[in-house]
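Per chain, numbering begins at 1; letters A, B, ... match sequence-line order.
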2 protein chains.
Amino acid sequence: MNQLEDMQTFVRIVEAGSITRASEQLNTVKSAISRRLAELEKRLGVTLLTRTTRSQTLTDSGLSYYQQCLRIIEDLAEVEASIKDKHCSFAGTIKISVPFSFGLKHLAPAFRQFNQAHPNVLFNVDFNDRKVDLIEEGYDLAIRISTLADSTLIARKITSVSPVLCASPAYLKQYGEPKTAEDLNQGHVRLRYNLMPEAWQLVSDSGKTVVVKSPVVVSANNGNYLCEEAIAGRGLMFGPDFICYEAIRAGQLKLLLCEQLRNQTTNAYAVYPHTRHLSQRVRGLVDFLADYFGEKPYWGIYS
Amino acid sequence: MNQLEDMQTFVRIVEAGSITRASEQLNTVKSAISRRLAELEKRLGVTLLTRTTRSQTLTDSGLSYYQQCLRIIEDLAEVEASIKDKHCSFAGTIKISVPFSFGLKHLAPAFRQFNQAHPNVLFNVDFNDRKVDLIEEGYDLAIRISTLADSTLIARKITSVSPVLCASPAYLKQYGEPKTAEDLNQGHVRLRYNLMPEAWQLVSDSGKTVVVKSPVVVSANNGNYLCEEAIAGRGLMFGPDFICYEAIRAGQLKLLLCEQLRNQTTNAYAVYPHTRHLSQRVRGLVDFLADYFGEKPYWGIYS
DNA sequence: TTTAATTGTTCTCTTTATGTGAACAATGAT
DNA sequence: ATCATTGTTCACATAAAGAGAACAATTAAA
């Protein structure tokens, strides 16, 4: 009995579409394949494949077994490969969807570093702020900065992201520095990120949500552009810390209403289909990212 | 070459502590085991086990290979077992931590139904509202009604949970029916769930967060008890829909401020350690729960 | 230090399992 | 109805794995 070889043979029969073609692909004769399949079915006590001379159909059990065989064979190959070059280096493609700004600015360097340790991993990155269908489009995983709303996916936290409100010193000189959330509605102008609701919602000292609706002077679907506009003193910027942190540290932007916003932290998640089996390299990447950014990422400005 | 048998042999050698003992346990002779190990190492091109006549030590590669062997062998056994009794019945223990009220009221019947389909699964359920350490305490998974804050865990959405505000008709007759969130702060009394902040936060029509601080007449760490108190007309109940839905449908409690609360939906998640390999039965249970409750669970009262 | 016991390795021989190819049966297209 | 193609079964050949003995290596006890 050779379970693994049985599995490989079965997979080949299914994919080749016939015992004869499978035997050709496996460089043997059809009798051997026929016997293997018969013995496998006998051992499992289940018919996997209903076959006539001209056609074959998978039974329910057969389909289930086929899928599980694929997974285990891949698993086993990965184990052998990872042991063989014992540096535990990964190989293969990782197809990933990432948010535009976060991806370019923070994930790209992380991927590069991962690639140095695992040069045989080929990244296929889709920079995109829309929520792609991971399953339909065959992604291995996606990075998302929002909560999980889909029960076909599973999520793992990668790091923390906090909202910041900021403006350039020149702007603050001209428009005055807001001391409370309520101040934002009077005599201020805003830079708006397209893909979020037009009105901002902040929590004031007293715990009330304040809806900010002051005029929008620039509107865009790119946070970095808005950040540059903020540095140029065009208006108030309300966005994630990972976009503005450098300008804030450099003094080009001044942080506003820290106390109200520091507790509004959200998370960045790695999400992937719950059905798909996580390959070593994808699991390795997620582990790497969680470690690379950590609970307190380098862009953190509250603390 | 028989990869799987090689793996099983290697695992046995490691666990038995010597080739001789392994050979006894495998009902064969030491020469066979010795040769198998030698050939495995030759094939992998790595020394797995540094051995003298009296002792053996795993190399780094050996330890890694050993752990992966365990996983694959278990995997394979599960696949064969699940195909053999083709109803895809699972077997083994599932150790799970669940929230107290949600667990007793909604998960328990779900587990029972799962058990009817898979009678060989033994549930080991911990009803507990504290966040147990899944890894430390060896849980297979937990059900949580909150967002994921731990990067060592992964989450999958099981169903939706919405907050409801309600009170008995008798209470409303006596205290008047609140029409806005602001009304709650005047002339009302509250039933309080211990494990949440004392003040309630609701969003008013205008989008403002209203902090409710009216007097608390009953305080408890059990939602069902609070619900009964609410039915008895003791005060306002603010809790998850899955606790109050029956009383609401029976007319014992009247739903308040629906429009403000219907969009505050949160989720229930299945969470488990990202390191642990998900066994078929645990994966099957999670799939079952996601399907059992669904996106619009039976306790839903909005919509 | 020597000896004895135990363990792992290597060798040959044997057994078992698997591959081989021909003959046969079954099926569907022409 | 015929024929080409496919799957199955069989006896046989081959290769791989097991068995057991002999040997080498190591360590504990004398």
Side-chain angles (χ1 to χ4, degrees), chain A residues 1-63 65-66 69 72-73 76 80, chain B residues 1-63 65-66 69 72-73 76 80:
Chain A
M1 182 186 82
N2 188 332
Q3 281 186 62
L4 182 71
E5 205 157 19
D6 286 349
M7 284 182 155
Q8 287 167 330
T9 305
F10 178 63
V11 165
R12 198 98 308 274
I13 295 172
V14 172
E15 291 177 354
S18 84
I19 289 183
T20 304
R21 253 179 295 168
S23 70
E24 288 162 5
Q25 292 175 17
L26 292 169
N27 294 313
T28 180
V29 288
K30 52 185 181 170
S31 62
I33 303 302
S34 174
R35 191 165 72 192
R36 273 231 200 104
L37 178 57
E39 278 177 6
L40 175 62
E41 289 187 326
K42 187 182 163 199
R43 179 158 58 82
L44 295 175
V46 181
T47 311
L48 298 171
L49 216 49
T50 52
R51 43 197 185 277
T52 68
T53 46
R54 296 281 168 166
S55 69
Q56 64 182 23
T57 325
L58 278 170
T59 63
D60 288 351
S61 298
L63 178 62
Y65 189 63
Y66 169 70
C69 282
I72 286 190
I73 289 168
L76 223 134
E80 295 251 327
Chain B
M1 183 184 83
N2 188 332
Q3 281 184 62
L4 181 71
E5 206 157 18
D6 287 349
M7 285 183 154
Q8 288 168 328
T9 305
F10 178 63
V11 165
R12 200 96 310 275
I13 294 172
V14 171
E15 292 178 353
S18 83
I19 289 183
T20 303
R21 252 178 296 168
S23 71
E24 287 161 6
Q25 292 175 17
L26 292 167
N27 293 314
T28 181
V29 288
K30 52 184 181 170
S31 62
I33 303 302
S34 173
R35 191 166 72 190
R36 271 233 274 272
L37 179 57
E39 278 176 8
L40 176 63
E41 289 187 326
K42 186 183 162 198
R43 179 158 58 82
L44 295 175
V46 181
T47 311
L48 297 172
L49 216 49
T50 52
R51 43 199 185 278
T52 67
T53 47
R54 296 280 165 166
S55 70
Q56 64 183 23
T57 325
L58 278 169
T59 63
D60 288 350
S61 298
L63 178 62
Y65 190 64
Y66 169 70
C69 282
I72 286 191
I73 290 168
L76 222 136
E80 295 253 326

* Asked: Nearest-Å distance, CG (A/N27) to C1' (D/dA15)?
  -> 17 Å
* Structure fact -> Atom CD1 of A/I33 and atom P of D/dG7 are separated, to the nearest Å, by 11 Å
* With a 4.0 Å cut-off on heavy atoms, is A/S31 in touch with a base, just the backbone sugar-phosphate, or nothing at all? -> base
* Is any side-chain N or O of A/R35 closer than 4.0 Å to OP1 or OP2 of D/dG7? -> no
* Asked: Please give, in whole Å, the distance from D/dA16 P to A/N2 CG?
  -> 13 Å
* Mark yes or no for a side-chain to base donor-acceptor pair under 3.5 Å between A/S34 and D/dG7, with no hydrogen or angle criteria applied. => no
* Under the side-chain contact (heavy atoms from CB on, under 4.5 Å) rule, what do B/L40 and B/Q3 come out as? Steps first, then yes or no, please. => CA-CA 8 Å; B/L40 176 63; B/Q3 281 184 62; over 6 Å; no
* Does anything in residues 11-24 of chain B reach DNA chain D, meaning a heavy atom under 4.0 Å, and if so which residues? -> none
* Of B/A38 and A/S55, whose nearest nucleotide on DNA chain C comes first from the 5' end? -> B/A38
* Distance, rounded to the nearest Å, where B/K42 contributes NZ and C/dT10 contributes P -> 12 Å
* Residue of the set A/L48, A/V11, A/L58 for which side-chain contact (heavy atoms from CB on, under 4.5 Å) holds with A/Y65 -> A/L48
* To do: Ignoring backbone atoms, test whether A/T28 places a side-chain nitrogen or oxygen under 4.0 Å from the OP1 or OP2 oxygen of C/dT20.
  => yes
* Please determine, for the side chain of B/K30, which listed nucleotide (D/dA17, D/dT6, C/dT9) has the closest atom? => C/dT9
* To do: Grab the CZ-P distance between A/R36 and C/dT18 for me, whole Å please.
  => 8 Å
* Atom CG of B/L37 and atom P of C/dT10: how far apart are they, to the nearest Å? -> 11 Å
* Asked: Nearest to the side chain of B/R51 - D/dG18, C/dG28, C/dT9?
  -> C/dT9
